[in-house]
Engineer: 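Right, I'll just put the structure down here and ask away after.
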There are 2 protein chains.
Amino acid sequence: MPKRVDHAERRRQIADALLRTAATRGLHATGMREVAAAAGVSLRLVQYYFGTKEQLLLAAMQHLLARFGERAMARARLGQAGRSGGPAGPHDIIAAILTEALPADEERRTFAILSTAYLALSLTDPALAIAPLVKNTGSVIDVVAGQLRAAQHAGDTPAGLDPDLEALGLLAIAAGLSTSVLSGNSSVDQAQAVIDYQLDRLFPASR
Amino acid sequence: MPKRVDHAERRRQIADALLRTAATRGLHATGMREVAAAAGVSLRLVQYYFGTKEQLLLAAMQHLLARFGERAMARARLGQAGRSGGPAGPHDIIAAILTEALPADEERRTFAILSTAYLALSLTDPALAIAPLVKNTGSVIDVVAGQLRAAQHAGDTPAGLDPDLEALGLLAIAAGLSTSVLSGNSSVDQAQAVIDYQLDRLFPASR
DNA sequence: AGTTTGATGATACGCTTGTACCATAATGAA
DNA sequence: TTCATTATGGTACAAGCGTATCATCAAACT
């Protein structure tokens, strides 16, 4: 048998190149040749590791979402470390998720742009319809709702509100603010203020 | 001079065809030939009335936004007529705008899909960067903020809150819920419930 | 009545796209 | 060493795109 190479690493490298290029040139306008050039490999290699463009798009999106999850978790740990000694609480976790969705630095801006582009594509392209983005968003909603329930049991949050509805609302706000910042209709600070305001409403004690 | 034809009408007809096609096939994937076929005219005519594709896109988007504004105003009048005799108040106007942004029927769904697609395009395509969508969204925010201010002066809304920040938050929620419904992460009823909840928070008396 | 000019049709061109195909260097097992 | 298989490169192809060009029909003004 011939030369063995780390396929996972190569796929990650190429997927990264796709994300990098698509963030500036647009997801739909990014061709396989461009990805190959950005990754420093030949067009043939992109085909070899991903076959079709659709599979490349799907893999790249899963990669993007995975990185988002990691950053959100890291941010939750960071937010918790700054105040208490115990594990990250509901408020920290939810705040971390919402803040991570805001395009405040280049990495998050890239995520926001690509999420929007991918959503737009998946709305009309039947091949992307069973999108990883939708599934991922759904599980994030579940996480937030779960944290809200935990906070309710702990008495940190009003018992009257509906955790699922509040979770949906929070993520909708985060998504909406993200596009608002992206399109220049609001500043990052304004968006953060709206998030803080809604969090204060849900966690009255943490003020 | 030769046959005179209503240019505005023709342009509207072609722009409508673009919107209709792009709502199902995707904005980026809709070509000029497809638009021509959908409008029942020749490719040459599309070129004649719009010149380049970019101008067609811009004109179609302005048309889409204009129709959205008209529907929102009609909805505001409708909401007001059901309850009082006077002119539509701040609550009715804001509720109408937020509800109109929700993809509850085919027309609003088309609007939501195309807004998303156009936003995604304008984020990376420098030619669409000075987008009518951004400008329009900004003026809608101003309208909402103005209505909130009026409600504050009338005592219908807590005096403590920041009208601009609340307007930004409301439209972010509407936009976020719209994408949430589009991607199947929530039902229209859930989204409407979130909107009603936020409106009740701002207009305690109208409950 | 004629002619100028706006409105429309048909078609060709250059470019880019995704994909497929053919070739070959390199390497672990026999 | 030989061989079979993985990994890689180069290139060709058909289709689609936006745009430009050439040609024609029809009506309003002189």
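Hydrogens, waters and symmetry mates are skipped; everything else that's a heavy atom, side chains included, is used. Chain letters run A, B, ... following the sequence lines, proteins first, then strands; residues in each count from 1.
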Engineer: Rounding to a whole Å, what distance do you find between B/Phe50:CZ and C/dA7:P?
Structural biologist: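 Distance, rounded to whole Å: 14 Å.
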Engineer: Give the rounded distance in Å between these two atoms: CG of A/Leu45 and P of D/dT11.
Structural biologist: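 Going from A/Leu45 (CG) to D/dT11 (P), I get 16 Å.
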Engineer: Tell me whether the side-chain N/O atoms of B/Tyr48 come closer than 4.0 Å to OP1 or OP2 in C/dT8.
Structural biologist: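 B/Tyr48 to C/dT8 OP1/OP2: no side-chain N or O under 4.0 Å.
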Engineer: Atom CG of A/Asp6 and atom P of D/dT6: how far apart are they, to the nearest Å?
Structural biologist: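 Computing the A/Asp6:CG to D/dT6:P distance gives 17 Å.
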Engineer: With a 3.5 Å cut-off and sequence neighbours excluded, list the donor-acceptor pairs that the side chains of residues 166-177 of chain B form with protein atoms.
Structural biologist:
| residue | atom | partner | partner atom | Å |
| --- | --- | --- | --- | --- |
| B/Glu166 | OE1 | B/Arg201 | NH2 | 3.2 |
| B/Glu166 | OE2 | A/Tyr197 | OH | 3.4 |

Engineer: So, is A/His7 near the phosphate of D/dA7, with a side-chain N or O under 4.0 Å from OP1 or OP2?
Structural biologist: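 The answer is yes; a side-chain N or O of A/His7 sits under 4.0 Å from OP1 or OP2.
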Engineer: In whole angstrom, give the distance that lies between atom CG of A/Leu57 and atom C1' of C/dG18.
Structural biologist: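 From A/Leu57 CG to C/dG18 C1': 12 Å.
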Engineer: Does B/Arg67 come within less than 4.0 Å of B/Glu70, counting only side-chain N to carboxylate O?
Structural biologist: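 B/Glu70 and B/Arg67: not salt-bridged.
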Engineer: Kindly assign one of parallel, tilted or perpendicular to the pair A/His28 and B/His28, based on the angle between their ring planes and the thresholds 30° and 60°.
Structural biologist: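 Correct class here is tilted.
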Engineer: Is the closest basic N to carboxylate O distance between A/Asp164 and A/Arg149 below 4.0 Å?
Structural biologist: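 Yes, charged N to carboxylate O under 4.0 Å.
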Engineer: Could you state the CD-P distance from B/Glu9 to C/dA7, rounded to the nearest angstrom?
Structural biologist: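 Those two atoms, CD and P, are 14 Å apart.
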Engineer: Do B/Gln13 and B/Arg10 have a side chain donor and acceptor closer than 3.5 Å?
Structural biologist: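 Yes.
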Engineer: Scan side-chain atoms only and decide if A/Ser186 and A/Ser180 contain a donor-acceptor pair under the 3.5 Å cut-off.
Structural biologist: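 Yes, a side-chain donor-acceptor pair sits under 3.5 Å.
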Engineer: How would you summarise protein contacts on nucleotides 15-20 of chain D per nucleotide, using B for base, S for sugar-phosphate only and - for none, with heavy-atom distances below 4.0 Å?
Structural biologist: --BBBB
